[in-house]
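Read the structure below first, then the notes.
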Amino acid sequence: MSNTVKKKPRKAAAKPKTNISVVPDVAVDVVASVGAQNNAALLKRREAAVARGVVSAAPVFASHAENAELWDVEGNRYVDFAGGIAVLNTGHRHPKVIAAAKAQEDHYTHTSFQVVPYEPYVALAEKLNDLAPGDHAKKSLLVTTGAEAVENAVKIARAATGRPGVIAFTGGYHGRTLLTLGMTGKISPYKKDVGPFPSDIFRAPFPSVRDGITVQDALTGLQNLFLTDAQPERIAAIIIEPVLGEGGYTPVPFEMMQALREICDTHGIMLIADEIQAGFGRTGTWFAVEHSGVVPDLITVAKSMAGGYPIAGVIGRAEVMDAVIPGGLGGTYGGNPVACAAALAAIEAIEEEGLLARSTELGEHFRARFAEIGARVAPYRMWDIRGLGAMLAVEFVTDFDSATPDAALTKAVVAHALKRGLILLACGMHGNALRIMVPLTASDAIIEEGLAIFEAALIDAMAELQG
Ligand SMILES: Cc1ncc(COP(=O)(O)O)c(C=O)c1O
């Protein structure tokens, strides 16, 4: 493929073509509204009205989206490799998901499960219990956000063990509420200026090739933590992302996950797999932890579970899940019926469309293409291509010898990609990794289009930084 990708015209005609076909009446309205607003004016309003703490990676405003494509309010089209931060494994507006949500809306949109229960909540809990690894009896709790799921997993682990402590890992990300921020292992931008954080949270080292921390070093660090600060009999849970998400798309080595299982069993500690970013087919299995063969006690889920609707959950051993007394779990909106219907449809789509196998296939394709692009246009700058299945990231460095993280190059690639019509998102402790969260439903043609833009953006970015 040529590495001189032609720039797409940034402005579409007044009524740009869309491929919206699912809900034609909506499509007509959407297309008619394109061009009625412009990004610059909206950015100005945003700046004046929205707290600056909530940032947006792209300085453009969404008009409509379909599968792996998105259009802004000016009619510019983008290939979406960010998937709303790993929420859209089944793509924007999957027809099944939209139809299920609409059908549910025709019945009721909210009763609060705590007031009048409804079947979709129970059906989703049953489905999650079936899908989660382990053949023991399981139960589930539904909430609204990932952070809420993690908070509840900790509450459940504490109630089940009668212990307060939690161990999390360097570079882990578990949310932005105060308890989850305590577990999140990165200061800027998440934790800066907003502490103090809850007590009884301890941090163990995550294995890192970059930092020369082997699995054995990480396990020694954990054992040292037990000797110095974290009395094992007072630890309720060890929480880990089977693939670090915000921390850089680094998989936990399987032997590390297996060792954690043994350590938890030895000390009566609950092992929590935070699958909020890595779950629902992203890595080629329903849950990333399955690759290691380890069965966690509790699993937190959210994001791609519902194809764009806000819902999250905790799945766990039935007796552990039942440790919290009646009334001790829940929330007004937890397990919203429209989101439950969407989740059941998204899960069905993953099953019917073979998206687990597609994830593995896409992962191999991205790996090969990144290696080839790196060798051809950015030798010694793409230091690491890593991940599991289609949960992949590429890490940029100034050179291979020093492997110095190159956040400036990464930022420039993201900016140039957007200008050329590709939405990308960075991650990692040093902000120098680009992660791939493209819908698993994206066609080969769209994937190739995105990769071609990536390559062109990389060339642009290197030229800009050299010039
Ligand atoms: C692994 C992990 N845990 C928890 C969260 C928090 O989820 P939410 O942003 O829905 O609160 C995230 C969000 O990115 C995540 O990736």
Side-chain angles (χ1 to χ4, degrees), residues 53-57 82-89 141-157 166-186 189-191 194 197 201 203 206 237-252 257 260 271-283 286-289 296 298-316 331 333-336 339 342-343 346 387-393 425-429 431 433 435-437:
V54 53
V55 299
S56 306
I85 323 182
V87 167
L88 298 168
N89 286 352
L141 161 75
L142 299 177
V143 290
T144 310
T145 68
E148 203 186 350
V150 173
E151 294 245 355
N152 278 283
V154 171
K155 279 168 60 178
I156 292 164
V166 180
I167 295 177
F169 290 84
T170 325
Y173 181 89
H174 301 290
R176 291 176 189 262
T177 56
L178 279 172
L179 175 63
T180 58
L181 268 186
M183 290 182 264
T184 289
K186 189 178 178 199
Y190 313 123
K191 302 173 81 157
V194 296
F197 305 106
I201 296 171
R203 192 162 312 285
F206 190 92
I238 292 180
I239 183 164
I240 191 160
E241 295 161 81
V243 181
L244 283 188
E246 302 303 305
Y249 274 38
T250 311
V252 178
M257 192 62 87
L260 290 179
L271 180 61
I272 305 175
D274 184 345
E275 293 265 358
I276 285 166
Q277 190 148 170
F280 287 91
R282 193 71 223 167
T283 68
W286 284 103
F287 301 91
V289 74
L298 295 164
I299 298 177
T300 53
V301 290
K303 292 192 183 270
S304 276
M305 172 163 83
Y309 287 80
I311 188 165
V314 185
I315 315 164
Y333 296 109
N336 170 270
L388 268 182
M391 187 169 184
L392 265 191
L425 218 50
C427 65
M429 289 296 277
R435 51 181 151 167
I436 298 304
M437 297 171 284

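Counting starts at 1 for both ligands and their atoms, in listed order.
Scored by the side-chain contact (heavy atoms from CB on, under 4.5 Å) test, Ala237 finds Ala157, Met270, Ile272 as partners (sequence neighbours excluded). Partners of Ala288 by side-chain contact (heavy atoms from CB on, under 4.5 Å), not counting sequence neighbours, listed by chain and number: Pro242, Val243, Glu275, Ala278, Thr283.
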Show which side-chain atoms of residues 145-152 pair as donor or acceptor with protein atoms under 3.5 Å away, not counting sequence neighbours.
from	atom 1	to	atom 2	distance (Å)
Thr145	OG1	Glu148	N	3.1
Glu148	OE1	Thr144	N	2.9
Glu148	OE1	Thr145	N	3.4
Glu151	OE2	Thr177	OG1	2.6
Asn152	ND2	Glu148	O	2.8

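At least one side-chain heavy atom of Leu179 sits less than 4.5 Å from a side-chain heavy atom of Ile201. Within the 4.5 Å cutoff, no side-chain heavy atoms of Tyr173 are placed close to those of Ile276. Side chains of Tyr249 and Met437 form a contact here, defined as non-hydrogen atoms less than 4.5 Å apart.
Ordered by chain and residue number, the residues placing a heavy atom less than 4.0 Å from ligand 1 are Thr145, Gly146, Ala147, Tyr173, His174, Gly175, Glu241, Glu246, Asp274, Ile276, Gln277, Lys303.
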